[in-house]
Amino acid sequence: MFEKLDFTNKVHEIVRNIPKGNVLTYKQVAAKAGSPKACRAIGSVLNKNYNLEIPCHRVIRSDNSLGGYNRGSENKRRLLEQEGYEFKD
DNA sequence: CATTTGACGCCAA
DNA sequence: TTTGGCGCCAAAT
(Lines give C-alpha, C1' and ligand atoms only; values in the text may rest on other atoms or scores of the structure.)
Protein backbone atom coordinates (compact mmCIF):
# COMPACT_ATOMS: atom_id res chain seq x y z
CA MET A 1 0.00 0.00 0.00
CA PHE A 2 2.87 2.32 0.76
CA GLU A 3 5.23 0.66 -1.67
CA LYS A 4 4.32 3.04 -4.44
CA LEU A 5 4.70 6.14 -2.35
CA ASP A 6 7.96 8.04 -2.17
CA PHE A 7 10.01 8.24 0.99
CA THR A 8 8.72 11.65 2.04
CA ASN A 9 5.17 10.62 1.29
CA LYS A 10 5.56 7.44 3.34
CA VAL A 11 6.84 9.42 6.27
CA HIS A 12 3.84 11.70 6.12
CA GLU A 13 1.45 8.75 6.12
CA ILE A 14 3.27 6.95 8.92
CA VAL A 15 3.35 10.00 11.17
CA ARG A 16 -0.27 10.70 10.37
CA ASN A 17 -1.11 7.17 11.56
CA ILE A 18 0.50 7.59 14.97
CA PRO A 19 -2.30 7.12 17.55
CA LYS A 20 -2.83 9.60 20.36
CA GLY A 21 -0.85 8.85 23.47
CA ASN A 22 1.75 6.99 21.43
CA VAL A 23 5.02 8.25 20.03
CA LEU A 24 7.55 6.92 17.55
CA THR A 25 11.25 7.60 17.27
CA TYR A 26 12.84 8.92 14.08
CA LYS A 27 14.49 5.56 13.73
CA GLN A 28 11.18 3.72 13.98
CA VAL A 29 9.58 5.97 11.39
CA ALA A 30 12.60 5.55 9.14
CA ALA A 31 12.35 1.78 9.48
CA LYS A 32 8.65 1.84 8.62
CA ALA A 33 9.41 4.11 5.67
CA GLY A 34 11.72 1.41 4.33
CA SER A 35 15.07 2.95 5.27
CA PRO A 36 16.13 2.30 8.89
CA LYS A 37 19.14 4.56 8.46
CA ALA A 38 17.21 7.51 7.14
CA CYS A 39 16.58 8.85 10.62
CA ARG A 40 18.12 12.17 9.54
CA ALA A 41 15.98 12.33 6.47
CA ILE A 42 12.93 11.97 8.71
CA GLY A 43 13.89 15.12 10.58
CA SER A 44 14.49 16.86 7.30
CA VAL A 45 11.07 15.88 6.00
CA LEU A 46 9.20 16.80 9.18
CA ASN A 47 11.13 20.03 9.48
CA LYS A 48 9.86 21.15 6.10
CA ASN A 49 6.40 19.73 6.68
CA TYR A 50 3.98 22.42 7.79
CA ASN A 51 0.83 20.28 7.62
CA LEU A 52 -0.89 20.55 11.01
CA GLU A 53 -2.91 17.46 10.09
CA ILE A 54 0.23 15.48 10.65
CA PRO A 55 1.08 14.93 14.36
CA CYS A 56 4.79 15.43 13.75
CA HIS A 57 5.12 16.29 17.46
CA ARG A 58 4.67 12.58 18.19
CA VAL A 59 8.04 11.82 16.68
CA ILE A 60 10.87 11.94 19.18
CA ARG A 61 14.49 10.87 19.42
CA SER A 62 15.55 7.32 20.22
CA ASP A 63 17.08 8.66 23.45
CA ASN A 64 13.55 9.53 24.59
CA SER A 65 14.52 13.17 24.15
CA LEU A 66 12.11 15.58 22.53
CA GLY A 67 14.15 16.30 19.45
CA GLY A 68 12.98 19.46 17.71
CA TYR A 69 9.81 20.99 16.37
CA ASN A 70 9.13 23.58 13.70
CA ARG A 71 6.49 25.20 15.91
CA GLY A 72 8.67 25.41 19.02
CA SER A 73 10.08 22.54 21.04
CA GLU A 74 8.28 23.74 24.15
CA ASN A 75 4.96 23.49 22.39
CA LYS A 76 5.87 19.98 21.31
CA ARG A 77 6.53 18.89 24.86
CA ARG A 78 3.25 20.40 25.96
CA LEU A 79 1.36 18.54 23.24
CA LEU A 80 2.86 15.21 24.29
CA GLU A 81 2.05 15.81 27.94
CA GLN A 82 -1.46 16.85 26.97
CA GLU A 83 -1.97 13.64 25.02
CA GLY A 84 -0.89 11.50 27.93
CA TYR A 85 2.71 10.78 27.01
CA GLU A 86 5.05 11.54 29.87
CA PHE A 87 8.70 11.83 29.47
CA LYS A 88 11.01 11.91 32.32
CA ASP A 89 12.41 8.62 33.17
C1' DC B 1 25.79 18.96 -11.11
C1' DA B 2 28.67 19.31 -6.44
C1' DT B 3 28.51 20.67 -1.73
C1' DT B 4 26.43 21.87 2.62
C1' DT B 5 22.89 21.65 5.97
C1' DG B 6 19.71 19.54 9.32
C1' DA B 7 13.65 18.01 14.03
C1' DC B 8 19.11 11.74 14.02
C1' DG B 9 21.56 7.35 15.58
C1' DC B 10 25.30 4.56 16.93
C1' DC B 11 30.08 3.54 18.38
C1' DA B 12 34.59 4.54 20.45
C1' DA B 13 37.26 7.08 23.78
C1' DT C 1 27.91 8.41 31.99
C1' DT C 2 29.08 12.16 28.78
C1' DT C 3 31.33 13.84 24.50
C1' DG C 4 33.21 13.63 19.88
C1' DG C 5 33.15 11.88 15.52
C1' DC C 6 31.27 9.23 11.57
C1' DG C 7 27.53 7.49 8.80
C1' DC C 8 23.04 7.98 6.19
C1' DC C 9 19.33 10.24 3.60
C1' DA C 10 16.66 14.01 1.55
C1' DA C 11 16.26 18.92 0.54
C1' DA C 12 18.42 23.43 -0.04
C1' DT C 13 22.13 26.35 -1.95
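These numbers come from the heavy atoms of this one structure, side chains and all, not from hydrogens, waters or symmetry mates. In what follows, every chain begins at residue 1, and chains take the letters A, B, ... in the order their sequences are listed. Please read all numbers here as calculations on a predicted model, not as lab measurements.
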query: With side chains defined as the heavy atoms from C-beta onward, is the minimum distance between A:Val29 and A:Val11 less than 4.5 Å?
result: yes
- prompt: Would a 4.5 Å heavy-atom cut-off, applied to side chains only, mark A:Tyr85 and A:Asn22 as touching?
  reply: no
- prompt: Which of the following nucleotides, B:dC8, B:dA7, C:dA10, is nearest to the side chain of A:Phe7?
  reply: C:dA10
task: May I ask you to check whether over 12 heavy atoms, not counting those of A:Arg71, lie within 6.0 Å of atom CZ?
output: yes
Can you check the [X] [atom1] to [N] [atom2] distance for me, whole Å?
X: A:Ile42; N: B:dG6; atom1: CD1; atom2: P; result: 18 Å
X: A:Arg40; N: C:dC9; atom1: CZ; atom2: P; result: 12 Å
X: A:Lys10; N: C:dA10; atom1: NZ; atom2: P; result: 10 Å
X: A:Asp63; N: C:dT3; atom1: CG; atom2: P; result: 13 Å
X: A:Tyr26; N: B:dG9; atom1: OH; atom2: P; result: 7 Å
X: A:Asn9; N: C:dA10; atom1: CG; atom2: P; result: 14 Å
X: A:Lys27; N: B:dA7; atom1: NZ; atom2: C1'; result: 17 Å
X: A:Arg61; N: B:dG6; atom1: CZ; atom2: P; result: 15 Å

- prompt: What is the minimum heavy-atom distance between A:Ala41 and A:Phe7, and which atoms define it?
  reply: CB-CE2, 3.6 Å
message: Give me the atom names and distance for the closest heavy-atom approach of A:Leu80 to A:His57.
response: CD2-O, 3.4 Å
task: Using both distances under 3.5 Å as the test, list the Watson-Crick or G-U wobble partner of C:dG5, or none.
output: B:dC10
- request: If C:dA10 has a Watson-Crick or G-U wobble mate with both distances under 3.5 Å, name it; if not, just say none.
  value: B:dT5
query: Residues from residues 44-56 of chain A sitting under 4.0 Å of DNA chain B, heavy atoms only?
result: A:Ser44, A:Leu46, A:Asn47, A:Cys56
query: For A:Ala41, which contact category applies under a 4.0 Å heavy-atom criterion: base, sugar-phosphate, or nothing?
result: base
message: Taking 4.0 Å as the cut-off, does a side-chain nitrogen or oxygen of A:Thr8 come that near to OP1 or OP2 on C:dA11?
response: yes
- prompt: Looking at CG of A:Asn17 and CZ of A:Arg58, how far apart are the two atoms once the value is rounded to the nearest 0.5 Å?
  reply: 10.5 Å
query: Between atom CG of A:Asn49 and atom CZ of A:Arg16, what is the distance when rounded to the nearest 0.5 Å?
result: 9.0 Å
